[in-house]
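Chain letters run A, B, ... following the sequence lines, proteins first, then strands; residues in each count from 1. The basis for the numbers below is simple: all heavy atoms, side chains too, and nothing from hydrogens, waters or symmetry mates. As the structure is a computational prediction, the values presented were derived from the model and not from experiment.
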Amino acid sequence: MATRNQEVARLLEHIADLLEIKGEQAFRVNAYRAAARRIEGLQQDVEDLFLEHHLRTIPGVGEALEQKIGEYLATGQLEYYERLKREFPPGLVALLAVPGLGPRKARAIYDHLGVANLEQLERALEEGRVRDLPGMGEKTEQNLLRELHRLKQRTTRQSLGLALPLAEDLVALLARQAPVERVSYAGSLRRARETIGDLDLLASGRDPEAIAEAFVGLPMVVEVLSRGPARCSVLAPGGQQVDLRIVDRASWGAALQYFTGSKAHNVRLRELAVRRGWKLNEYGLFDEQSGKRLDDGDEASIYHCLGLSWIPPELREDEGEIEAARVGALPHLVELADIQGDLHTHTDWTDGAHSLEEMAEAARARGYAYLAVTDHSKSLGVARGLNAARLMEQRRLVDRLNHTLAPFRVLLGTEMDIKRDGGLDFDDATLERLDYVSASIHSGMSQGEAQMTERILRALRNPHVAVLNHPRGRLIQRREAYEVDLEAVIRTAAACGVALEVNGQPNRLDLDGHWARQAREAGVRLAINTDAHATSQLELMRYGVATARRGWVERKDVLNALPLDELLATLRRKRGAEC
DNA sequence: GCCGTTTTCGGCCCGACTGTTTTCAGTCG
């Protein structure tokens, strides 16, 4: 699974940064950035394209970039880049991370003051040497110093699980306390990216000043960064930046589209508009000649005017959604309401907080038809994993409970450890007594790719295993995925009829959208689960669904969107099938 | 540096905000 797309994208980005500092033409710099974006979002492996001499099929890659990317992939080095790097000290590019400090100012500070890294920048600012440079003054100096300090203590990007509730609170408050006609969140949050930088809010109303006033006065506003009648930026606790844009009613749809992004998606839409002699910006879609508005103020009409179906925000990454929308081939994405039950939950029999009865009751109260209780197996000692005898005790309790809860059904399941050698924690005789079997890696995560892959494939070939949980084992911003040939896992899952999980814990989101899409295209079913360790965590389903949607997943692709009888039939068939 | 049912040359998305400026440059998204 040696995908080098990210590596090549970073190389091109770094070249763009250096060219910008050098003072190259903006369009040339942009060409590098555009190509980097494309390559990062590429479904195929850039190295495969290179080997097949197909680099030029990537939009934005022409003769020169083909040669440069090829040289880098072939030799592991790019002479052009090495030469460019030698022109500037290595710490200089890092200055661009300071908000408010772009390439021109960075260059000026370097040229006049010899400042070549963040430490030297801090000293120069504190000593008041920056204010005397052309185009800069005392205010610039103060702002840069403040931003530099903020950068140093900046928390990383916020997880979706924290950003979404904050945004929902802000939207609800604005709806109550500001004279808004419409208010929504936009940005990467609306696209349900796994981490969020700044929160983007959008409001419309007749009195922008009053909306801005109410916004900066909200109780969670710690500091006002900027404020105008069309845009305000503030800091919320924890350093979270929140931007509010205020537009009038007619521009709502265009603004919501524009501020939802992604940037790459928007650039494509604007190109479509330009080709028809139109102009698309955050105020609307207009005829270039007459200036006449073409959209009707709703987001969908922007897409319709451009000859596209409305594209769900989760797909707006310029990864084929525009082409699909043009021919009416967008997927019918799975929705939260399609989910019939949760197939990955824990109780106080192991490391959960609530009893089996409480978990079942909470699932039923959510309107689910079923719940699989999947406590850990004995190898996971830290979680007091169950042995076969305890599991059979749980069997009796589940059977009793199902008498009283019918037609709701508790499925006795397991989250069974895949041991270091690929062996499983229960024998087949025990597994036969269970309604539902899922398997997970919890140990030996630093095994090499070959060993890890074989270990997982062996587990997938057991006829009882219906789902592989959190297939990559990553913890967002904390632990990288273990090394595994996920393409081989997907192939084997397809062959054996095993579903792969989209885990809804905001620190997992595993599979992510990219891999969920790969799995789906290979004909693998997905199981969207919460891995709940308490009744309240059943709520995390929405993050799993959002992530699956980013992977173009439809209801028919989702194991736990099946009604109970079909789920049971599917599980039964699976166990009887050869693999 | 890329790209072409306008073009192989001359375009390339574009508006808001801030600060340092007396009309605009830099930065951001």
Whole-Å distance between [N] [atom2] and [X] [atom1]?
| X | N | atom1 | atom2 | answer |
| --- | --- | --- | --- | --- |
| A:Gln241 | B:dG29 | CD | P | 7 Å |
| A:Arg104 | B:dA25 | CZ | P | 10 Å |
| A:Asp200 | B:dG29 | CG | P | 9 Å |
| A:Leu101 | B:dA25 | CG | C1' | 15 Å |
| A:Leu19 | B:dC2 | CG | C1' | 15 Å |
| A:Glu271 | B:dG11 | CD | C1' | 12 Å |
| A:Asp17 | B:dC28 | CG | P | 11 Å |
| A:Leu11 | B:dG1 | CG | P | 13 Å |

Rounded distance in Å between the [atom1] positions of [N] and [M]:
| N | M | atom1 | result |
| --- | --- | --- | --- |
| B:dC2 | B:dT8 | C1' | 12 Å |
| B:dT27 | B:dT21 | C1' | 16 Å |
| B:dC12 | B:dT7 | P | 16 Å |
| B:dT23 | B:dT18 | C1' | 15 Å |
| B:dG15 | B:dG10 | P | 25 Å |
| B:dT20 | B:dA25 | P | 16 Å |

Please work out if [X] contacts a base, only the sugar-phosphate, or nothing of the nucleic acid, heavy-atom cut-off 4.0 Å.
| X | result |
| --- | --- |
| A:Asn30 | nothing |
| A:Val247 | nothing |
| A:Gln25 | base |

TODO: Would you indicate which nucleotide in B:dC2, B:dT27, B:dC12 comes nearest to any side-chain atom of A:Leu65?
DONE: B:dC2

Task: Residue A:Lys263, side-chain atoms from C-beta onward, closest of B:dG1, B:dG29, B:dG26 - done: B:dG29

Open item on the list: Taking pairing as Watson-Crick or G-U wobble with both contacts under 3.5 Å, can you name the mate of B:dT27, or confirm there isn't one?
Closed with: B:dA16

- [ ] Count the heavy atoms belonging to other residues, nucleotides or ligands that lie under 6.0 Å from CZ of A:Arg104, then report whether that count exceeds 12.
- [x] no

TODO: Mark yes when over 12 heavy atoms from residues, nucleotides or ligands other than A:Glu63 sit less than 6.0 Å from its CD; otherwise mark no.
DONE: no

- [ ] Between protein and nucleotides 14-21 of chain B, map the contacts as a letter string: B base, S sugar-phosphate only, - none, heavy atoms under 4.0 Å, written 5' to 3'.
- [x] BSSSSSS-

Got a salt bridge between [X] and [Y], using NZ or NE/NH1/NH2 to carboxylate O under 4.0 Å?
| X | Y | value |
| --- | --- | --- |
| A:Arg206 | A:Asp248 | no |
| A:Lys68 | A:Glu71 | no |
| A:Asp287 | A:Lys292 | no |

- [ ] List for me each residue that meets salt bridge (charged side-chain N to carboxylate O under 4.0 Å, His left out) alongside A:Arg520, sequence neighbours excluded, and say none if there are none.
- [x] A:Glu554, A:Asp557

Open item on the list: Tell me whether the side-chain N/O atoms of A:Lys105 come closer than 4.0 Å to OP1 or OP2 in B:dA25.
Closed with: no

TODO: Using only heavy-atom distances, determine whether the side chains of A:Arg190 and A:Thr260 contain a donor-acceptor pair under 3.5 Å.
DONE: yes

Open item on the list: Testing A:Glu319, A:Glu317, A:His514 one by one against A:Arg550 for a side-chain hydrogen bond (donor to acceptor under 3.5 Å, both in side chains), which residue passes?
Closed with: A:Glu317

